[in-house]
Amino acid sequence: MINTDNITQILLESLAAGFIAPAFAMLFAVPKQYLIFIASGGMLTRFIRSFLLYSLNVEIVIATFAACTVISLIFIYT
């Protein structure tokens, strides 16, 4: 069961990932025009992982794999 504490935690983690992902990408000299996509991808990946982990009680390895699979497919086909 998901409650307001879990929702708050998921949203804060997703927001933090949105700041961390482009900062990490800048270490590898990614062009500026891609940083917004990296930020949104980081946020979405963390949101999916945290949602599966906290609300559906999926194991962390499976939740991480599912989140990375979803975001990889989104970036491949768009």
Side-chain angles (χ1 to χ4, degrees):
M1 177 91 185
I2 192 163
N3 56 24
T4 57
D5 291 336
N6 286 345
I7 292 171
T8 305
Q9 183 175 2
I10 291 170
L11 292 176
L12 287 176
E13 286 180 4
S14 298
L15 183 65
F19 287 108
I20 293 168
F24 186 72
M26 284 190 277
L27 291 173
F28 298 100
V30 174
K32 285 183 184 179
Q33 69 258 24
Y34 297 123
L35 292 179
I36 190 71
F37 299 113
I38 293 170
S40 61
M43 287 176 69
L44 183 61
T45 303
R46 186 62 181 217
F47 179 81
I48 293 169
R49 179 195 158 281
S50 296
F51 180 76
L52 291 173
L53 190 64
Y54 298 131
S55 65
L56 300 179
N57 295 324
V58 176
E59 291 185 27
I60 191 165
V61 174
I62 297 171
T64 304
F65 177 75
C68 290
T69 301
V70 168
I71 200 66
S72 295
L73 290 173
I74 288 172
F75 278 136
I76 287 171
Y77 292 113
T78 57

**Request:** Would you sort out whether Ile60 and Arg49 count as a side-chain contact (heavy atoms from CB on, under 4.5 Å), showing the intermediate values?
**Result:** CA-CA 8 Å; Ile60 191 165; Arg49 179 195 158 281; 3.3 Å; yes

**Message:** Once salt bridge (charged side-chain N to carboxylate O under 4.0 Å, His left out) is applied, what residue pairs with a partner in residues 64-78 remain, sequence neighbours excluded?
**Reply:** none

**Message:** According to side chain to side chain donor-acceptor pair (under 3.5 Å), who are the partners of Ser50, at least two apart in sequence or on a separate chain?
**Reply:** Glu13

**Fill in**
Contacts of Leu52 meeting side chain to side chain contact (heavy atoms under 4.5 Å, CB included) (sequence neighbours excluded), chain-then-number -> Ile48, Leu56, Val58, Ala63, Ala66

**Complete:** When rounded to the nearest 0.5 Å, the distance separating CG of Leu11 from OG1 of Thr4 is 11.0 Å

**Asked** What residue pairs, at least two apart or across chains, pass ring pair (Phe, Tyr, Trp, His ring centres under 6.0 Å) with a residue in residues 2-28?
**Response** Phe24-Phe28

**Request:** Sorted by first residue and then second, give each side chain to side chain donor-acceptor pair (under 3.5 Å) pair with at least one member in residues 20-45; sequence neighbours left out.
**Result:** none

**Thr8 and Leu12: CA distance, side-chain angles, deciding distance, side-chain contact (heavy atoms from CB on, under 4.5 Å) verdict** = CA-CA 6 Å; Thr8 305; Leu12 287 176; 4.0 Å; yes

**Request:** Give every residue pair that meets the salt bridge (charged side-chain N to carboxylate O under 4.0 Å, His left out) criterion with at least one member in residues 54-72, sequence neighbours excluded.
**Result:** none

**Complete:** Hits for side chain to side chain contact (heavy atoms under 4.5 Å, CB included) against Ala25, two or more places apart or cross-chain, chain-then-number order -> Val30, Leu35, Ile38

**Request:** Write out all pairs satisfying salt bridge (charged side-chain N to carboxylate O under 4.0 Å, His left out) with one or both partners inside residues 66-78, taking only residues at least two apart or from two chains.
**Result:** none

**Request:** Indicate the atoms forming the closest heavy-atom contact of Ala17 with Arg46, along with that distance.
**Result:** CB-CB, 3.7 Å

**Asked** Got a sec: does the CD1 of Ile36 have more than 12 other heavy atoms crowding it under 6.0 Å?
**Response** no

**Prompt:** At their closest point, which heavy atom of Ala39 faces which heavy atom of Gly18, and how far apart are they?
**Reply:** CB-O, 3.4 Å

**Message:** Quick check: closest heavy atoms across Phe51 and Ile10, and the distance to 0.1 Å?
**Reply:** CA-CD1, 3.9 Å

Side-chain atoms of residues 67-78: list all donor-acceptor pairs with protein atoms under 3.5 Å, sequence neighbours left out, distances to 0.1 Å.
from  : atom 1 : to    : atom 2 : distance (Å)
Thr69 : OG1    : Phe65 : O      : 2.7
Ser72 : OG     : Cys68 : O      : 2.7
Thr78 : OG1    : Ile74 : O      : 2.7

